[in-house]
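All figures in this text were calculated on a predicted structure; none of them were measured in a lab. Counting from 1, the numbers follow the sequence of the chain as shown.
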Amino acid sequence: MLLATLFAVAAAQVAMPDSTPSGVVAMPSESEPRRIRTPEMVADFYLPAASRPVPAILLLGGSEGGLSKGGAREARLLAERGYAVLHLSYFGSPGQPATLKMIPVETFDRALDWLKAQAEVAGDRIGVIGTSKGAEAALLVASRRSDIRITVLGVPSSVTWPGIDNANLVTEASWSENGKPVPFVPYGWTGEWKGIHALYADGLNDAAAVERASIPAERVNGPIVMVCGERDSLWPSCPMSQAIQERLRTRSFTHPVTLLSYPEAGHAAFGPPVEVSAQNAAMLSFFGGTSAGTTAARTDSWPKVLAAIDAALKRSTAR
């Protein structure tokens, strides 16, 4: 089926998955993460060299699943900057759901509670970073918890969507809460294949479904930073970012809101800068935009994202 094939390509191309062995490695070398492989949580925990508890970040990847190489690079860079980083797999690793559907939001709660309980972590200074479907999850989770001090959303969604299954067009929810599906906007399938982007863009025309499935971003307890590419061809990340911004404005959100929108960037607009190479250029422009525009977006936005995280989490502890 053409539709299923294209969804499979999409899931494979959003990021390059990294294979992760089963079992638990208790402690890493200084340069390696602590690998957590338990029935309750699959994650890599990165720590900076520090003599006292440090602020921490929960890092969520997208529809590639598992623990991607791109996410690992991002986690290492954040750890080098002084953050403890929990790079969480919420599906796609051994022992986890194989497809992104009906993923319990409790998965993220357990990860955050574990992160706050670590001796190396300043539990009152926690942020979350998510990209693509991970940004959808990050905003959903941040809207349900008061202990997240900053929420960073790369090419995000303003609503929750159906899950993603490489074999079929999913009609189930991406997320569940207390075993029940979180309401979602159905794909806007018109009977004519117009591309993956159209499934999302046409779905947003269903005003009643959008109302039911809009993520209550106004409940987030801290600054929100969004990065999007205006030529995103996977889903309309900039219109959805603008919808989040407008929702916050109309509900008198009191925390800072930053939207970094890039005209020539695509779905790969968010993340650390990358070297320009033939392989990177192909990946950067696979879901819209130009490789130059997407590279420029990452180069411009990443320092601004880091500055916002620093401002929210590295506050003075002096009394």
Side-chain heavy-atom pair [X], [Y] within 4.5 angstrom cut-off:
X	Y	result
V141	L60	no
I36	W114	yes
S241	L153	no
C228	L259	yes
M226	V257	yes
K314	P55	yes
V220	I148	no
T107	F91	no

In the single-linkage hydrophobic clustering (I, L, V, M, F, W, Y; side-chain heavy atoms under 4.5 Å), do [X] and [Y] co-cluster?
X	Y	value
V128	V54	no
W302	L284	no
V159	M102	no
L77	I57	no
L306	V274	no

Is the side chain of [X] donor-acceptor paired with the backbone N or O of [Y] at a distance under 3.5 Å, no angle test?
X	Y	value
E40	R110	no
S89	L67	no
Y90	G61	yes
S143	L140	yes
W235	H267	no
R37	A43	yes
T131	G134	no
S68	G71	yes
S233	H197	no
E136	W161	yes

Inset, instruction - Report yes or no: do Y262 and D232 form a side-chain donor-acceptor pair below 3.5 Å? - result: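 No, no side-chain donor-acceptor contact under 3.5 Å.
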
Legend entry - Donor on one side chain, acceptor on other, K133 and S174, under 3.5 Å: yes

Does a side-chain N-to-carboxylate-O contact under 4.0 Å join [X] and [Y]?
X	Y	answer
E172	K101	yes
D44	R76	no
R81	D310	yes

Of all heavy-atom pairs between [X] and [Y], which one has the smallest distance, and what is that distance?
X	Y	answer
G266	V155	O-CG1, 4.2 Å
L313	R125	O-CD, 2.9 Å
G154	A135	O-CB, 3.5 Å
R73	P272	NH1-CB, 3.4 Å
S301	A269	OG-O, 4.1 Å
F253	A217	CE1-O, 3.9 Å

Legend entry - Worked verdict on S214 versus R247 for side chain to side chain contact (heavy atoms under 4.5 Å, CB included): CA-CA 9 Å; S214 288; R247 182 183 181 99; 3.5 Å; yes

Inset, instruction - Show your working on side chain to side chain contact (heavy atoms under 4.5 Å, CB included) between R231 and T290 and close with a plain yes or no. - result: CA-CA 9 Å; R231 291 176 61 182; T290 65; 3.6 Å; yes

Inset, instruction - Determine, step by step, whether F108 and R144 satisfy the side chain to side chain contact (heavy atoms under 4.5 Å, CB included) criterion, reporting the C-alpha distance in whole Å, the side-chain angles of both residues, the deciding distance to 0.1 Å, and the verdict. - result: CA-CA 11 Å; F108 307 106; R144 284 159 162 74; over 6 Å; no

Legend entry - Other residues, nucleotides, ligands: >12 heavy atoms within 6.0 Å of R219 CZ: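 Incorrect, the count does not exceed 12.
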
Inset, instruction - Go through the steps to decide whether D113 and R145 satisfy the test salt bridge (Lys or Arg N to Asp or Glu O under 4.0 Å), and finish with yes or no. - result: CA-CA 11 Å; D113 292 342; R145 295 184 63 119; 2.8 Å; yes

Legend entry - Intermediate values then yes/no, side chain to side chain contact (heavy atoms under 4.5 Å, CB included), W193 and L199: CA-CA 9 Å; W193 177 250; L199 293 176; 3.9 Å; yes

